[in-house]
Amino acid sequence: MLKLSLPLRLHLSLVIVVGAALLKHYAWYCLGVYGAIALLWAGLLRVPIRRMGGLIGTELIFLSLLALPLGWERASFLLVRSLICLVTMNSFLLTLPPHSFGIALKSLPVPAPLKENLLLAGQYMEILLSEVTRMQRSAQLRGLNGTAGWLRYASAAMIGALYLRSLDRAERVYAAMVTRGYNGQLPIDSPLRAKERITLLVAWAIAACLTLTSYRI
């Protein structure tokens, strides 16, 4: 795995996601560049491919239901752009050490209440990933091996059950955090070092140039 601090990995992931999200519609060339960057990012972080595929496949089912009514041409661009963003952020989340999202989150220059909401969202994502892993293992024990088996197992009922189980577990985790004195404040600090700030500045400059170029093509 690429040896980068957690805050820098989060910031670089956000650079890719924000840059891709702000692209002009139908700027396929620039979107392809962001796609290559996202795949390179996943390779550098050494993401487990099987877990990535199962998670993204489930997420794309929901996105397809929302995007397809917009028309095939518009939906295809939105789905590819969403896929790039999902690959980038899932690469970060899947290679994140357990219960370390708050360490990376502390470095974001956003108000404390927003950090608290993001922290809880990150905690929920960890719970969701755990539940997906448990459901995949359960599917394998029932003889549903391979990609096709997992897609059959991830029917509407199973996806609903996944989110209900995740929600119930998230509520229990939050209750346990409050019992242990959690008040929304993160007790750790993780500022970016000088070299990391320069790296981040260069990444933002590249992303800004690439995104602005999409509006001139």
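Note that the coordinates shown come from a computational prediction; the quantities given were computed from them, not determined experimentally. Residue indices begin at 1 and follow the sequence shown.
Note that the CG atom of Leu79 and the CD1 atom of Ile84 stand 11.5 Å from one another [nearest 0.5 Å]. For the atom pair CG of Leu201 and NE2 of His11, the computed distance is 13.0 Å after rounding to the nearest 0.5 Å. If you take OG on Ser91 and CG on Leu96, they are separated by 12.0 Å, rounding to the nearest 0.5 Å. For the atom pair CG (Leu31) and NE2 (His25), the distance works out to 11.0 Å, reported to the nearest 0.5 Å. Taken to the nearest 0.5 Å, the CG atom of Leu210 stands 6.0 Å off from the CD1 atom of Ile37.
Summarising the geometry of Leu14 relative to Trp204, their closest heavy-atom pair is O-CH2, 4.5 Å, with the distance given to 0.1 Å. Summarising the geometry of Phe77 relative to Trp28, their closest heavy-atom pair is CA-CH2, 3.5 Å, with the distance given to 0.1 Å. When all heavy atoms are compared, the tightest approach of Thr88 to Ala38 is OG1-CB, 3.4 Å.
Residues Val15 and Leu39 do not share a hydrophobic cluster, clusters being chains of Ile/Leu/Val/Met/Phe/Trp/Tyr side chains in contact below 4.5 Å. With hydrophobic clusters built from ILVMFWY side chains whose heavy atoms lie under 4.5 angstrom apart, Leu23 shares a cluster with Tyr26. Ile198 is not connected to Leu6 by any chain of hydrophobic side-chain contacts under 4.5 Å among Ile, Leu, Val, Met, Phe, Trp and Tyr, and they are in different clusters. When hydrophobic clusters are built by joining Ile, Leu, Val, Met, Phe, Trp and Tyr residues whose side-chain heavy atoms come closer than 4.5 Å, directly or via intermediates, Ile16 is grouped together with Tyr29. If you chain together hydrophobic residues whose side chains sit under 4.5 Å apart, Ile206 and Trp41 never meet in one group.
No hydrogens or angles considered: a donor-acceptor pair under 3.5 Å links the side chains of Thr95 and Arg9. Side chain to side chain, Tyr34 and Thr211 meet the donor-acceptor criterion of an N or O pair below 3.5 Å.
A 4.5 Å side-chain heavy-atom check between Glu196 and Pro7 finds every atom pair outside the cut-off. A 4.5 Å side-chain heavy-atom check between Arg81 and Leu78 finds at least one atom pair inside the cut-off. Val87 is listed as a side-chain neighbour of Ile56, based on a closest heavy-atom distance under 4.5 Å.
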